[in-house]
Amino acid sequence: MKVPLLDLKPQYAQIKDKVIPEIMEIIENQGFILGPKVDRLEKEMADYIGTKHTLGCSSGTDALLLALMALDIGRGDEVITTPYTFFATAGSIARVGAVARFVDIDPATFLMRVDQIEKVITPKTKAIMPVHLFGQCVDMEPLLAIAKKHNLRVIEDAAQAIGSKYKGKDAGTYGDIGCFSFFPSKNLGCFGDGGLVSTNDSQLHERLKGLRVHGGQVQYHHQEVGLNARIDALQAAVVSVKLPHLAAWTEGRRRNAALYNELFKNNPEVVTPIEKPDCFHIYNQYVIRVKNRDALKAHLGEKEIGCSVYYPLSLHQQKCFASLGYKQGDFPESEKAADTTLALPVYPELSREQVEFVAATINAFTKK
Ligand SMILES: *Cc1c(COP(=O)(O)O)cnc(C)c1O
């Protein structure tokens, strides 16, 4: 039985009838840049997330860049984040000329350890960038208390966490700015690259809006040097068509995660992901931990079961960040996670039989 890590075709089948006329309408009107489709998406997303403003942009990476720029973070500043995340988190910090300062992760959740943040605060620290990795939120309450105490800004990397909740509120509504991605493999993906920033601060919203179009609110008049970081009308329309399905798709992911948990329950060789009691996990990835990860990965490949390692090399060990001065062993839990974790197929349209086949294959292999 073939089980891909992600198959977007069954999702497309559910939206095809609605999305094609939307796309055709834009093509017929030849209005590709911003406009009513983007305005509509921004309103819908603000309602969905529960925030005052959102602003569509060109990618999750550019959402992070816009957020850093809007908060005046740049050369000489430090931003505290996790080394166990997608590259863009720290990449965007470096791109604005700031320095990423890492804290290790909690091995049980793979999320940054909030109790380690104060240890790395210096007079140069300007912000904290928590990453709601795999679809579960960082402990935002203590994090916000630290930010308040030290007068730091908070940028949430919610690229993997749309609809994820912490204490009843959505990811991306806790910090100064929340950053989302519509990359196709995220829970709410478009037909290419796209992203979004959210904020409850109207002044920040205006600043972000200007930064999205070369730093000028009035065309050809520039207050500052911004980016070309707009979302296409076509991509905004795709996201709008998908949004009403998101809650059901999330439930599908949660159902598959619960089924895996049940099927791995009696196998001590497989450590399953945990959902914290005050969180609503959206399982952008369902990530297990096993001892012989690479052997298991190869075995699953032979059985035509898709799986992937997120992420095989922690950011403090990346060549491009050598100048940060970290070395192997500095963040042992991140390094251990990079060596032992494996993401399994969890997308909502998987059949029960497929999930059972994946679990049975893993159980048979690890018990050998
Ligand atoms: C996907 C992702 C991003 C970047 O989003 P893009 O839309 O691919 O630029 C940033 N941070 C995390 C944690 C991500 O998973």
Side-chain angles (χ1 to χ4, degrees), residues 5-6 8 41 45 54-69 79-96 98 100 102-103 105 109-112 127-138 140 154-164 166 171-172 174-175 177-198 212 227-232 234-236 238-239 242 253 273 281-287 308-316 318 320-321 334 337-338 341 343 346-347:
L5 180 60
L6 176 65
L8 289 167
L41 176 68
M45 289 297 296
T54 75
L55 198 76
C57 62
S58 37
S59 68
T61 303
D62 287 341
L64 293 167
L65 267 181
L66 285 169
L68 288 159
M69 290 168 78
V79 179
I80 298 170
T81 190
T82 165
Y84 190 65
T85 174
F86 178 61
F87 177 77
T89 310
S92 64
I93 295 168
R95 188 44 48 233
V96 297
F102 298 122
V103 295
I105 56 165
T109 60
F110 309 112
L111 300 171
M112 79 189 290
I128 309 171
M129 193 183 275
V131 181
H132 306 309
L133 197 73
F134 302 146
Q136 176 156 251
C137 289
V138 171
M140 290 307 289
V154 176
I155 299 169
E156 295 178 72
D157 183 341
Q160 300 183 5
I162 186 146
S164 173
Y166 168 82
Y174 278 91
I177 300 175
C179 300
F180 295 88
S181 166
F182 300 131
F183 187 77
S185 68
K186 309 294 161 117
N187 287 25
L188 184 63
C190 60
F191 289 176
D193 279 306
L196 182 113
V197 284
S198 62
R212 181 174 68 171
L227 303 170
N228 173 1
R230 296 174 295 248
I231 189 170
D232 287 341
L234 286 166
Q235 301 299 353
V238 171
V239 178
K242 284 190 177 188
R253 287 173 179 270
H281 200 320
I282 61 151
Y283 294 99
N284 178 242
Q285 300 296 344
Y286 180 89
V287 175
S308 191
V309 176
Y310 302 118
Y311 298 90
L313 190 64
S314 294
L315 297 189
H316 68 287
Q318 299 287 344
C320 67
F321 292 138
S334 299
T341 56
V346 74
Y347 65 92

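Small disclaimer: the values here were computed from a predicted structure and weren't measured. In this chain, numbering begins with 1 at the start of the sequence shown. Each ligand, and each atom within it, is numbered from 1 in the order the structure gives.
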Test Leu111 against Ile105 for side-chain contact (heavy atoms from CB on, under 4.5 Å), laying out the working first.
-> CA-CA 5 Å; Leu111 300 171; Ile105 56 165; 6.0 Å; no
Between Gln160 and His132, does any side-chain donor sit less than 3.5 Å from a side-chain acceptor?
->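 The answer is no; no qualifying pair exists.
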Apply side-chain contact (heavy atoms from CB on, under 4.5 Å) to Cys190 and Lys242, showing your working.
-> CA-CA 8 Å; Cys190 60; Lys242 284 190 177 188; over 6 Å; no
Are Phe321 and Phe87 near enough that their ring centres are under 6.0 Å apart?
->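 Here the rings of Phe87 and Phe321 have centres that are less than 6.0 Å from each other.
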Measure and list all N/O to N/O distances between ligand 1 and the protein that fall under 3.5 angstrom.
| unit_1 | atom_1 | unit_2 | atom_2 | d |
| --- | --- | --- | --- | --- |
| ligand 1 | 5 (O) | Ser181 | OG | 3.4 |
| ligand 1 | 7 (O) | Gly60 | N | 2.7 |
| ligand 1 | 7 (O) | Ser181 | OG | 2.6 |
| ligand 1 | 9 (O) | Gly60 | N | 3.3 |
| ligand 1 | 9 (O) | Thr61 | N | 2.8 |
| ligand 1 | 9 (O) | Thr61 | OG1 | 2.5 |
| ligand 1 | 11 (N) | Asp157 | OD1 | 3.2 |
| ligand 1 | 11 (N) | Asp157 | OD2 | 2.7 |
| ligand 1 | 15 (O) | Gln160 | NE2 | 2.7 |
| ligand 1 | 15 (O) | Lys186 | NZ | 2.8 |

Hey, can you tell me if Tyr283 and Tyr286 have their rings parallel, tilted or perpendicular (30° and 60° cut-offs)?
->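 Ring orientation, 0 to 90° scale: tilted.
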Quick one: does Thr341's side chain have a donor or acceptor within less than 3.5 Å of a partner on Ala338's backbone?
->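 No; zero donor-acceptor contacts below 3.5 Å.
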